[in-house]
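Data first, discussion second: the structure below is written as structure tokens.
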Amino acid sequence: MHALPTVLLLLIPTYLLFTWFRRKDGPAAADSANSNLKTFSSPPKQIVKRMSSPSPRPPNADPNVDNGAFSSMKTNEIMSWLDAIGHFHEIDPHMRAEQRPKEQHAIASSNLRLALWDMQRFDYLFPGKEFCKTPNFKIASLNSWQNWKEPHPEIRAGGMGMQKFDGYRDAARLKSYVMTPFHMMAFTQLETAQGKPVNPPAGPTGNWNGVKKIMCNATLDLTGEEGRDSPFVNYFDKSSGTMLVMEFLDVKRVSWPEPTPKAIPQATSRSSGTQIRARPGAPLVPMMETPEVPLVVIRYSYTEGVPEGGSEFMLHLESRLREILPQDISDADLRAQLEYHLSTGEEMPAEHIRMLARLLSYNSELVDKEWADDQQSHWNISQQVQKETKISFFVPCLRPRFRAVEEIETGKAPTPYAKCGECGKATDKHICGSCRAVCYCDAECAKAHWPRHKSVCKMSKKLNDASSLPPNKLYIPTRAYIHWVTDFGFADSQEAVKMGGPPKDEPPRNEYGTERFVCRALLIGTMAFVYDRRRTVLVRFGPQEPAKAMMQGVALPFHDNGYRQFVQLMREKGLQGQLLYVWVRRVGDCVEVDLKDIPNQREHQWE
């Protein structure tokens with residue numbers, strides 16, 4: 001059905017299609033009250049002929065087992081999924097310490113729920129909603145994606161039309177396609193170059209790539225074949241009899257939050273012109289202004305093996321086809337059309353299909369139950385079809401953000417430090433406007449604390465006088481903060497525009513108070529980086545940095561002696577002389593790196 005030339009469309013064995021139809025005289029016959037669900041006494045002759053060809057029969061489905069349910073996963077399957085997502089390199093200490101299998105499963109399940117919540121950016125899509133098991137998303141309140149049912153013939157044609165699009169001239173047009181955010185956000189540029197969207201590798205990581213591939217292909221079908229003429233898509237594995245059928249109900253349009261006024265100028269000044277602008281000074285590319293994400297609402301059925309007595313959901317899909325086909329179509333031709341739609345599904349590994357079914361099961365738990373029940377009732381659907389299907393949705397899945405990774409790896413939610421530097425009361429109302437390292441209740445507390453704070457507030461001014469600094473310490477101005485993100489794909493460029501960093505010559509806010517914390521230090525040539533798990537501390541420094549900063553109008557002092565000690569330490573104790581975990585503490589507008597007390601490197605594996 002979809003136009004990608006690299007995708008092979010395989011026919012499902014014909015007998016397999018018909019074993020999924022619920023037999024009229026079977027033990028689970030169709031509800032006679034639903035006159036629009038019709039059965040046939042015999043298939044067309046041309047289908048009978050093809051049914052006679054030998055093919056191994058898949059196993060029967062176990063009616064008591066639902067491996068597509070999120071709750072069906074075992075602890076090792078959950079941990080395998082987290083491993084497949086990547087970016088998680090440490091196991092929750094609560095998980096390691098817990099000996100009881102039931103509690104281990106609960107911890108692992110909660111961590112996976114958090115990861116899926118974060119990767120789908122639900123805090124963007126549903127502002128005000130915080131991570132929980134039953135947020136009751138109000139899908140009905142969202143606006144539909146404009147013209148999602150309109151035809152797009154340029155998407156078909158073997159993909160040649162897409163190759164002629166210009167990223168800038170046709171940006172608005174590309175932005176209107178339901179498929180665009182899925183293709184842009186799902187895979188990194190490196191993954192795309194390696195061909196992973198087309199041929200996911202074997203193993204857990206390949207399973208997760210396969211899930212994103214299915215979502216990309218489904219929205220490609222939806223965009224190219226028209227939502228009106230392609231009411232459902234299906235994915236199957238012949239050997240196991242696994243099948244996932246997704247019926248499109250609606251496509252909602254959800255906008256990410258608007259960037260702050262400071263964020264766009266800051267982000268665009270750091271980004272290359274080819275990422276965000278057609279030329280220097282030109283407007284933002286339309287797709288970069290404020291990301292708009294399609295939320296695809298579906299009714300889906302997942303089975304492993306052939307359901308006993310067939311599936312009544314197939315008869316419902318047949319009724320959907322009758323709505324869009326000519327009124328005088330015969331029963332035999334209608335059945336042939338259904339066979340065509342099913343047979344042009346895509347064969348995928350069973351592991352990919354099962355993981356997507358579990359993601360859909362997780363998302364189905366998040367929607368408003370009353371709305372979901374209404375979706376099942378107002379289509380005049382039989383009770384049996386309601387039992388066979390669920391209402392859910394899918395959206396583009398990005399990489400997990402650093403705060404979510406930290407919480408999953410440490411078992412603790414990262415909470416910014418918010419205590420008054422003078423009296424110690426909990427507050428974050430006022431912050432020192434110069435160093436942004438200390439909070440205060442009010443101006444009175446700030447004034448009282450100033451005699452003790454002024455000696456470190458502008459710590460960076462002392463860096464050129466090494467005699468005034470303690471030994472075995474490296475001081476780095478936090479004004480060297482950059483929004484440094486490795487290649488995580490197009491979506492992270494969008495988040496860079498939204499999030500950005502502090503304006504030039506302004507330190508980031510201190511989230512650790514006076515406590516020391518671990519940072520990861522990298523040395524690449526003469527340039528060095530130091531950053532924490534959540535990237536609230538993210539500094540670049542080296543002999544060339546002051547000159548680079550001056551070109552941006554920023555005076556950036558440099559701790560030369562501390563830098564030399566740091567390089568020597570890295571050569572002696574760093575992994576291949578390039579990587580070392582170090583203790584760091586915020587001191588005024590600088591970070592202080594301890595060059596003597598080095599953390600146990602084996603206890604830290606995060607990236």
Side-chain angles (χ1 to χ4, degrees), residues 79 82-93 95-96 188-191 194 201 203-205 399-412 414 471-478 480-489 492 508 511-512 515-545 558-587 590-607:
M79 300 304 292
L82 287 170
D83 181 53
I85 292 169
H87 313 292
F88 301 105
H89 303 281
E90 296 182 2
I91 299 177
D92 186 335
M95 184 78 177
R96 292 198 304 264
T188 69
Q189 297 168 8
L190 179 60
E191 287 173 334
Q194 293 173 340
T205 302
R399 61 145 284 150
R401 287 170 291 187
F402 299 116
R403 289 181 181 273
V405 173
E406 178 180 352
E407 182 170 352
I408 291 171
E409 289 184 332
T410 65
K412 298 179 181 178
N472 301 315
K473 304 291 185 183
L474 165 65
Y475 292 90
I476 312 167
T478 55
Y481 180 99
I482 59 169
H483 192 95
W484 177 67
V485 180
T486 339
D487 178 13
F488 295 141
D492 288 86
E511 291 202 4
Y512 297 94
E515 299 295 323
R516 68 177 189 170
F517 52 97
V518 174
C519 280
R520 199 170 194 254
L522 298 175
L523 180 63
I524 305 173
T526 61
M527 184 183 300
F529 299 90
V530 170
Y531 56 91
D532 66 336
R533 285 178 182 267
R534 67 190 76 158
R535 303 320 195 256
T536 58
V537 171
L538 207 167
V539 292
R540 182 179 68 193
F541 60 101
Q544 298 87 4
E545 291 307 303
F558 179 60
H559 186 191
D560 183 71
N561 187 52
Y563 171 79
R564 294 176 186 274
Q565 292 183 59
F566 168 81
V567 172
Q568 184 63 31
L569 176 66
M570 184 68 78
R571 289 172 178 171
E572 293 175 357
K573 297 188 176 182
L575 179 63
Q576 298 182 344
Q578 295 181 318
L579 168 64
L580 189 69
Y581 292 93
V582 293
W583 286 112
V584 172
R585 184 170 66 96
R586 183 71 178 266
V587 180
C590 291
V591 289
E592 177 191 82
V593 181
D594 194 325
L595 302 177
K596 186 175 182 179
D597 184 11
I598 307 302
N600 185 339
Q601 301 296 294
R602 294 183 178 180
E603 294 179 356
H604 303 280
Q605 302 296 326
W606 54 270
E607 293 184 355

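When a residue number appears, it is its place in the shown sequence, counting from 1.
Taking the side chain as every heavy atom from C-beta outward, F529 and L523 never approach each other to under 4.5 Å. Residues Q544 and T526 are in side-chain contact: their nearest non-hydrogen atoms beyond the backbone lie under 4.5 Å apart. Here the side chains of R516 and D597 are in contact, with some heavy-atom distance below 4.5 Å. Taking the side chain as every heavy atom from C-beta outward, V405 and R534 never approach each other to under 4.5 Å. Side-chain contact between Y512 and V584 is absent, with no heavy atoms from C-beta onward closer than 4.5 Å. By the 4.5 Å heavy-atom criterion applied to side chains, M527 and L522 are not counted as neighbours. Proximity of E409 to D92: side-chain heavy atoms (C-beta onward) are nowhere separated by under 4.5 Å. Using a 4.5 Å heavy-atom cutoff, the side chains of W583 and C519 are not in contact.
Around CG of L595, the count of heavy atoms belonging to other residues, nucleotides or ligands within 6.0 Å exceeds 12.
Counting all heavy atoms, side chain and backbone alike, D594 lies closest to I598 at O-CD1, 4.0 Å. Taking every heavy atom of both residues into account, K596 and N472 meet most closely at CD-ND2, 3.9 Å. Between H87 and I85, the shortest heavy-atom contact is CD2-O, 3.6 Å. Heavy-atom minimum distance, P204 versus A84: O-CB, 2.9 Å. F402 and R533 get closest at one heavy-atom pair: CB-O, 3.3 Å. Taking both residues in full, the closest heavy atoms of G411 and P93 are given as N-CD, 4.2 Å, listed atom of the first, atom of the second, then distance.
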Q. Yes or no on salt bridge (charged side-chain N to carboxylate O under 4.0 Å, His left out) for E545 and R540, after CA distance, side-chain angles and deciding distance?
A. CA-CA 8 Å; E545 291 307 303; R540 182 179 68 193; 3.0 Å; yes
Q: Given side-chain contact (heavy atoms from CB on, under 4.5 Å), test V518 with H604 step by step and report yes or no.
A: CA-CA 9 Å; V518 174; H604 303 280; 3.6 Å; yes
Q.
side-chain contact (heavy atoms from CB on, under 4.5 Å), that's the test. Do K473 and V593 meet it? Break it down for me.
A. CA-CA 6 Å; K473 304 291 185 183; V593 181; over 6 Å; no
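The backbone N or O of P414 sits nowhere less than 3.5 Å from a side-chain atom of E406 that would complete a donor-acceptor pair. Remark: the backbone N or O of C590 is not paired with any side-chain donor or acceptor of E592 at under 3.5 angstrom.
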For residues 565-579, run the donor-acceptor check on the side chains, cut-off 3.5 Å, and write out each pair with its distance to 0.1 Å, sequence neighbours left out.
from	atom 1	to	atom 2	distance (Å)
Q568	NE2	E572	OE2	2.8

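Checked against a 6.0 Å centroid threshold, the rings of Y563 and F558 count as neighbours. The aromatic ring centres of W606 and Y581 sit less than 6.0 Å apart.
Side-chain atoms of Y531 and R520 include a donor-acceptor pair closer than 3.5 Å. Side-chain polar atoms of E90 and T410 form no donor-acceptor pair below 3.5 angstrom.
Between E511 and R403, at least one side-chain nitrogen of the basic residue sits less than 4.0 Å from a carboxylate oxygen of the acidic one, meeting the salt-bridge criterion.
The CZ atom of R586 sits 8.5 Å away from atom OG1 of T536, with the distance rounded to the nearest 0.5 Å. To the nearest 0.5 Å, the span separating CG on L82 from CZ on F88 amounts to 6.0 Å.
Under the side-chain hydrogen bond (donor to acceptor under 3.5 Å, both in side chains) criterion, E607 pairs with H89, sequence neighbours left out. Considering only residues two or more places apart in sequence or on other chains, R96 meets the side-chain hydrogen bond (donor to acceptor under 3.5 Å, both in side chains) condition with none of them.
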